[in-house]
S.K.: 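One structure, as structure tokens, below. Some questions next.
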Amino acid sequence: MSQLHDLTVAGLAAKLRARDVSAVEAARHFLARAKSHEALGAYLALDEDVTLAQARAADQRLAAGEVAPLLGVPVAHKDIFVTRDFPSTAGSKMLDGYRSPFDATVVARLAQAGAVSLGKLNCDEFAMGSSNENSAYRPARNPWDPERIPGGSSGGSAVAVAARLVPAATGTDTGGSIRQPASFCGITGIKPTYGRASRYGMIAFASSLDQAGPMARSAEDCALLLSAMCGPDPDRDSTSLDVPAEDFTRSLNESLEGLRIGVPREFFGAGLAPDVRAAIDGALQEYRRLGAQLVEISLPRTELSIPVYYIIAPAEASSNLARYDGVKFGHRARQYGDLTDMYQKTRAEGFGDEVKRRIMVGTYVLSHGYYDAYYLQAQKIRRMIADDFQQAFGSCDVIAGPVAPTVAWKLGEKADDPVANYLADIYTLPGSLAGLPGMSVPCGFGAGGMPVGLQLIGNYFGEAKLLNVGHRLQQVTDFHSRIPVAADAAPEARP
């Protein structure tokens, strides 16, 4: 029983099907681990009664001979997805204690596949951040070094998976928020093509960018989860693509012989730390040994992705967060004069500094006299960035490079410099702006023994190929199976 947390999703599912372990036993084991590692700050909500009830239902389905790929496997959800059985806060005081009357589509689909919900995971407030320090409740801590950030905004998801507190978790990626924490915590994460996974029930940050995806230890595990999560949902999500669900495990073991891997020269400039580059170069050489070809390509507007993203995303956030006014749901100021005073005090009290910053920027770029100068120009460059990728895919099958310029930094190191946080997204933003699928795969370790992730970017609907490329690397390396120090024993409590 003590080794249950060392199993992958695929390994645990096989044991559950063979009745070597029950879903209730698995749920109890992971609940105990989650509680013993509270100092890592991964979870915002647990409910043993809810989880064990779902586990007992899974055991009944298993006893009846039902076969489902995730039946009985514990999964936890980023607290940006609404859930009926757990509070849904989006990491914000604005939604403290909020209970949704329905489940997000992604949550519901994983439940249909048999997954057991373990709880809700910490995240940057309304998914705005690159460090998980913007959570209104507490920061999540990297299990490789609890004095470092895990990355954001899906930091709680990355910590929980890396520290073996849950076999897999959901995350969301707006500008890199699955790939970056996956890289910093040494796990695997994939953001599918925009529109592949329903956004229904996902608390909105930037509607044209937000996309759900799985975070797990291996590409195989991510393929299992992504197969359950994706599929059309046009009646409830207007951004959902009318593309049928797929079995993303179907081509995991295909040969990479002759695969053309594009290496963007803009991803390997002066801003890339030498330790990160060394790990990326090592992974690229492994692909050569597997039969792939490395092709130099150019993504000339890479540097423009930061200003473009930090115009478009705050603009959409300004619009989406206007609903939190103290009238319909969420926090309301206790003391106020007239209606305007209530709006002002409610939003001042309920939102954190980073959310306020982005709302103000977004409102400014959408205001009269500035819309054409900023927002419209950003959308035009966004289209050009997407065109750059299409030109690159004319000479390669997938694109590979770093996820972030450095390994995870110390907690508080960039707290007073939001622009420094924004610059950490330089390599993930272009793919997000283009709506392309992107993935982070562990490929080595850098300064301080911290993990480094290799970013893989595919063309539209190329998730199966990305997972194949990631899986083949994991068959010849063991970086994804390394165990962080904080996973072995509960760390001492920290403030």
Side-chain angles (χ1 to χ4, degrees), residues 1-60 62 70-79 83 85-87 107 110-111 114-123 137-144 146 150 154-171 185-187 214-218 221 225 481-494:
M1 180 64 68
S2 63
Q3 300 305 309
L4 270 182
H5 55 272
D6 291 328
L7 296 172
T8 62
V9 170
L12 180 56
K15 282 193 170 292
L16 286 161
R17 286 194 295 271
R19 311 307 300 280
D20 292 337
V21 64
S22 71
V24 168
E25 288 173 318
R28 288 189 188 281
H29 180 81
F30 282 102
L31 282 168
R33 283 189 63 80
K35 292 172 182 177
S36 69
H37 288 70
E38 284 184 357
L40 289 175
Y43 282 91
L44 291 181
L46 293 167
D47 190 320
E48 186 171 335
D49 292 339
V50 166
T51 298
L52 293 180
Q54 292 184 17
R56 284 189 284 271
D59 279 330
Q60 290 174 357
L62 287 162
L70 301 175
L71 190 50
V73 175
V75 172
H77 299 289
K78 181 178 180 177
D79 201 22
T83 47
D85 295 325
F86 300 91
V107 173
L110 286 170
V116 173
S117 292
L118 205 66
K120 301 298 284 294
L121 295 163
N122 204 350
C123 60
Y137 299 96
R138 55 179 174 167
R141 294 175 178 270
N142 196 311
W144 292 92
S154 306
S157 300
V159 171
V161 173
R164 279 49 173 177
L165 311 185
V166 71
T170 55
C185 291
I187 66 168
M215 304 176 76
R217 280 161 44 202
S218 70
D221 287 354
L225 267 81
S481 62
R482 305 274 184 96
I483 302 174
V485 63
D488 288 330
E492 294 179 5
R494 292 176 173 84

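Quick caveat, the model's predicted, so the values are computed rather than measured. All residue numbers in this chain count up from 1 along the given sequence.
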S.K.: What are the two closest non-hydrogen atoms of L52 and A27, and how far apart are they?
M.R.: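 The pair with the smallest heavy-atom distance is CD2-CB, 4.0 Å.
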S.K.: Measuring from S36:OG to L31:CG, what's the distance to the nearest 0.5 Å?
M.R.: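 It is 11.0 Å, given to the nearest 0.5 Å.
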S.K.: Find the distance between CG (D6) and CG (L12) and round it off to the nearest 0.5 Å.
M.R.: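 The CG atom of L12 is 11.5 Å from CG of D6, to the nearest 0.5 Å.
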S.K.: Give the C-alpha distance, both sets of side-chain angles, the deciding distance and a yes or no for side chain to side chain contact (heavy atoms under 4.5 Å, CB included) between V166 and V161.
M.R.: CA-CA 5 Å; V166 71; V161 173; 4.1 Å; yes
S.K.: Between CD1 of I483 and NE2 of H5, what distance do you get to the nearest 0.5 Å?
M.R.: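 Rounded to the nearest 0.5 Å, the CD1-NE2 separation comes to 7.0 Å.
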S.K.: Any donor and acceptor pair, going by atom type alone, linking the side chain of D221 with main-chain N or O of V9 inside 3.5 Å?
M.R.: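 Yes; judged by distance alone, with no hydrogens or angles, the pair exists.
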S.K.: Side-chain contact test, heavy atoms from C-beta onward, threshold under 4.5 Å: evaluate it for H29 versus V21 and give yes or no.
M.R.: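 Heavy-atom side-chain distance check fails, nothing below 4.5 Å.
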S.K.: List the steps and the verdict of salt bridge (Lys or Arg N to Asp or Glu O under 4.0 Å) for E25 and K15.
M.R.: CA-CA 12 Å; E25 288 173 318; K15 282 193 170 292; over 6 Å; no
S.K.: Check L70, L62, L71 against L16 for a side chain to side chain contact (heavy atoms under 4.5 Å, CB included) and give me the one that passes.
M.R.: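 Option passing the side chain to side chain contact (heavy atoms under 4.5 Å, CB included) with L16: L62.
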S.K.: Using only atom types and a distance under 3.5 Å, with no angle test, would you say the side chain of D59 pairs donor to acceptor with the backbone of A23?
M.R.: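 Side chain of D59 to backbone of A23: a pair is present.
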S.K.: Does R164 use its side chain to pair, donor to acceptor, with the backbone of A162 at less than 3.5 Å?
M.R.: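 Yes: the side chain of R164 pairs with the backbone of A162.
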S.K.: Over all heavy atoms of both residues, which pair between F86 and T51 is shortest? Give the atoms and the distance, please.
M.R.: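 The answer is CZ-OG1, 4.0 Å.
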S.K.: Return yes if some donor-acceptor pair links the side-chain N/O of T170 with the main-chain N/O of P214 below 3.5 Å, else return no.
M.R.: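 No; zero donor-acceptor contacts below 3.5 Å.
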S.K.: Between N122 (side chain only) and G41 (backbone N and O only), is there a donor and an acceptor less than 3.5 Å apart?
M.R.: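 A pair under 3.5 Å: yes.
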S.K.: Decide yes or no on side chain to side chain contact (heavy atoms under 4.5 Å, CB included) for V50 and Q54, but give the supporting numbers first.
M.R.: CA-CA 6 Å; V50 166; Q54 292 184 17; 3.7 Å; yes
S.K.: For the side chain of H37 and the backbone of A486, is there at least one donor-acceptor N/O pair under 3.5 Å apart?
M.R.: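 It does hold such a pair.
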S.K.: Which atom pair, heavy atoms only, marks the closest approach of L165 to A42?
M.R.: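 In terms of heavy atoms, the two residues are closest at CD1-CB, 4.1 Å.
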S.K.: To the nearest 0.5 Å, how far apart are CZ in R138 and CG in L40?
M.R.: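 Those atoms lie 9.0 Å apart.
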S.K.: Shortest non-hydrogen contact from R141 to P146?
M.R.: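 Closest approach of R141 to P146, heavy atoms only: NH1-O, 2.9 Å.
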S.K.: Rounded to the nearest 0.5 Å, what separates atom OG in S154 from atom NZ in K78?
M.R.: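 S154 atom OG to K78 atom NZ measures 3.0 Å (nearest 0.5 Å).
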S.K.: Would a 4.5 Å heavy-atom cut-off, applied to side chains only, mark V75 and F30 as touching?
M.R.: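 No, side chains not in contact.
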S.K.: Which pair of heavy atoms, one from L121 and one from A169, lies closest together, and at what distance?
M.R.: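 Heavy atoms only, the tightest pair is CD1-CB, 3.6 Å.
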S.K.: Please find the pair of heavy atoms, one from A216 and one from A168, that lie closest to each other, and give the distance.
M.R.: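 Scanning both residues, the minimum pair turns out to be CB-CB, 4.0 Å.
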S.K.: Step by step, would you call V485 with W144 a side chain to side chain contact (heavy atoms under 4.5 Å, CB included)?
M.R.: CA-CA 6 Å; V485 63; W144 292 92; over 6 Å; no
S.K.: Going from CZ on R33 to CG on L118, what distance comes out if it is rounded to the nearest 0.5 angstrom?
M.R.: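 Nearest 0.5 Å value for the CZ-CG distance: 11.5 Å.
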